[in-house]
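A quick write-up on the structure given underneath.
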2 protein chains.
Amino acid sequence: MTDEGVTVDGDALSPTRVAASRGSRNDQTRRHNLSTLLTAVHYGGPLTRAQLTRETGLNRSTIGGLSAELSALGLVVEDAAAETGSVGRPSLIVRPRPDVIALALHPDVDALELGAVAVDGTVVARRRLGVDAPPSPDDAVAFAAAAAREIAAELGGARVAGAAAAVPGLVAVDGDTVVAAPHLGWRGVAFGTSLTAALGVRSTVGNDANLGLRAEWSYGSARGVDNVVYLNGSASGIGGAALLGGRMLRGGRGYGGEFGHMLIRSDGERCSCGRSGCLETVLNAERLDAAGHDHAAIDALADVLAAAIANLESAFDPDLVLLGGFLGQLFDARRERIASGVRDQAFRPDAEDAAIARAGLGGNRLLIGAAERAFAPLLADPAGVELVRM
Amino acid sequence: MTDEGVTVDGDALSPTRVAASRGSRNDQTRRHNLSTLLTAVHYGGPLTRAQLTRETGLNRSTIGGLSAELSALGLVVEDAAAETGSVGRPSLIVRPRPDVIALALHPDVDALELGAVAVDGTVVARRRLGVDAPPSPDDAVAFAAAAAREIAAELGGARVAGAAAAVPGLVAVDGDTVVAAPHLGWRGVAFGTSLTAALGVRSTVGNDANLGLRAEWSYGSARGVDNVVYLNGSASGIGGAALLGGRMLRGGRGYGGEFGHMLIRSDGERCSCGRSGCLETVLNAERLDAAGHDHAAIDALADVLAAAIANLESAFDPDLVLLGGFLGQLFDARRERIASGVRDQAFRPDAEDAAIARAGLGGNRLLIGAAERAFAPLLADPAGVELVRM
DNA sequence: GTAAAATGTTCCCGGAGAGAACATATCGCG
DNA sequence: CGCGATATGTTCTCTCCGGGAACATTTTAC
């Protein structure tokens, strides 16, 4: 954001109250710049020092110093370019070290899954265990510990930046407590604490839809789009998340984005949340299955989805609406109908539609999203997070 | 926010892409600290240097230098304390200079209003002109120029930080263009540019609901609450705005927060937006007037409001829902009914309710909110904004 | 009136980035 | 094959900023 942007955009950032804004010291500047560099190679892939100089606006000598520090911290390597193609001394290529990883856990009703994800977003190792009954928190922690040992043996000498779990349920803002995960039967579990103890690395917990959107923003269909509404349809209902101005919607307690419980039909069925006519009582995996090849039934469900999207567009004015799970399938089956339904119903003063797209990442989405979450502290303060050898 | 907070809260701030995050220089540190200080006295009223030292965590000598610079810039004055009440050398009191003002314009269907607002949020002068027909943009600009001259004569020698207009309609993210203000009949007007030319100070435009919430956050019922949903009922419909994690919801184009067009009744009437069953077709000033003393009718409207609030709570998980205009009146008339209706319908895993409150600021709300908007660039960069003598 | 306490003021220090000067590596051309 | 042009890495110096110590100032308590 340019300086002009900040001033023009005075409305975007509410003025900070003093208690929330500590004074800046010199080392915070350093931290910020280290973070900027590491974040750049994290998302942008390998970049030359010259590119970093141009994109950050920092001085060549400064980039040199910062890059050397990241290298000394064991976070990046600086290679000579293979071939240049232009005149002048070739610039060194800065790339994240592939042996720096994050652990990502996904406990679900039918399986437990742990993945090791490298800084470039690739899943380098994974373990999966199918289960007959929803796993307890203890089951999940035990699986994570065992799978982490196996993965450690497989990878040999990786360094772990942190761990995170993607949980299908409500997670408190502290990033530790699973307040309620109805399908797993978890309630008020300090899961992050348990995981930290079992894995020996700093572990946090996130809501699955939130982390899914985060993954899509980092490496999927929503890459770089800063205003995104995400709807994911799974067997357990409809999960939602929103990225607004580049920040994840969280709410005061961490429960923001529960779009599965938006009102869609005022005469609808009773929902488990106590209301009637919630989106997920009308549009869910069962109903879509039941529709089979019944065109009219599928049309009706598509219309419900269009109404929901229109509703969300009125509230959030996103650049992109991203659909995952069975909602992605429904969208693919009725693209035109849904697009025109939204166009007719959305509150939009101009012809510009928000794009609607299907989520791009496949089965790795939650692992990648959780890993992004686990990498976040390292990216925010590269010199302040200690990597754990596994 | 503490450093620990930042790292725990990795999910809150999506990692910034490199292009959006310029490298930090030393003078940016200085700018940030000047901003922190000026912002502190802006919202916190007069503060002693000792308080600033404690609250910012900066060194005593640093605060001295920063405060001296703000004083030299003509933005604050440092007074000796009248009486102390405790041992030790009395600390100097830093207060914003009362002659630094912002101009706030509010063009509405029935009147034009211009106010001069001091840094502490008090409206120090105002001019109002009732009109029979909705004013054109040119009318509004002409009124603003004339009223500003009168106010200048009245105040004598104030220095203006900027101007802003609160417009009942959709405003583009650029903070300049009124995309559509149906009740005024404005469409695609570069109003900020016109106002800048007419007033001779940097002028921007904001949506009225957004600026109303901003005012409530700064000086009203939502003071310091960082997750707020705001609903304002006026003759022209229901305006909405949301403050999420301390930042105003804007959306990709600037049209976020149009809660008046959320679906509330799937069999409802046709709305001007093209959809059916929008909140403001069911709940509006006319219907509330028509209800008169009909208890059942008022109850029904209260139930609609409760459903809308529950819906918004599911989506945003706010700490506070703030109601203005006729929605505030309706809330006062049916507090218990609405509170319990929300409690029954909101998607909440625990007993904790979001607070619901009536907006606190009166007729000055929009002037104060627009002034906050106009002050924002000065608060963000105290040394970089030139004040204009009027 | 004196000691204690809190704050303002002055001066020096170390860290951070900018920028200039120099060193190095590649390309293009004769 | 060598030279100049070009781009980048490296080193050194400079400025600016905040931290902190020492000292000065002002009030309260006894």
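Letters A, B, ... are given to chains in the order of the sequence lines, protein chains preceding strands, and every chain is numbered from 1.
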What is the distance, rounded to the nearest whole Å, between atom CZ of B:R31 and atom P of D:dC17? 11 Å
Do any N or O atoms from the side chain of B:T56 and from the backbone of B:L52 form a donor-acceptor pair under 3.5 angstrom? yes
A:I63 CD1 - D:dG9 P separation (whole Å): 10 Å
Starting from P on D:dC16, measure out to CD on B:Q28 and report it in whole angstrom. 16 Å
Sorted by position of nearest nucleotide on DNA chain D, 5' first, the leading residue of B:L66 and A:L92 is A:L92
Looking only at the side chain of B:P90 (C-beta and beyond, no hydrogens), which of the listed nucleotides D:dT28, D:dG18, D:dT26 gets closest? D:dT26
Would the base of D:dG19 count as contacting B:N59 through its side chain, where contact means a donor and an acceptor less than 3.5 Å apart? no
Which nucleotide sits closest to the side chain of A:R89: D:dG19, D:dG9, D:dA22? D:dG9
Heavy atoms only, 4.0 Å cut-off, all strands: where does B:R30 land among base, sugar-phosphate and nothing? sugar-phosphate
Please check the phosphate of C:dG8 (OP1 and OP2 only) for any side-chain N or O of B:S91 closer than 4.0 Å. yes
Please give, in whole Å, the distance from D:dG9 P to A:L58 CG? 14 Å
Separation of atom CZ in A:R54 from atom C1' in D:dT8, rounded to whole Å: 10 Å
Is the B:H42 ring parallel, tilted or perpendicular to the B:Y219 ring (thresholds 30°, 60°)? perpendicular
Does a side-chain N or O from A:N26 land closer than 4.0 Å to OP1 or OP2 of D:dC16, or not? no
Return yes if some donor-acceptor pair links the side-chain N/O of A:T204 with the main-chain N/O of A:D176 below 3.5 Å, else return no. no
Quick one: do A:S218 and A:E372 satisfy side chain to side chain donor-acceptor pair (under 3.5 Å)? Show the steps, please. CA-CA 8 Å; A:S218 298; A:E372 283 293 298; 3.1 Å; yes
Side chains of B:V100 and B:L378: does their closest heavy-atom pair fall under 4.5 Å? yes
Nearest-angstrom distance from the residue atom CZ of A:R60 to P of D:dT6: 15 Å
Is B:S61 side chain donor-acceptor paired with the D:dG20 base, going by distance under 3.5 Å alone? yes
Let me know the distance between CZ of B:R49 and C1' of C:dT9, rounded to the nearest Å. 9 Å
Figure out the CG/C1' separation between B:L52 and D:dG18, and round it to whole Å. 16 Å
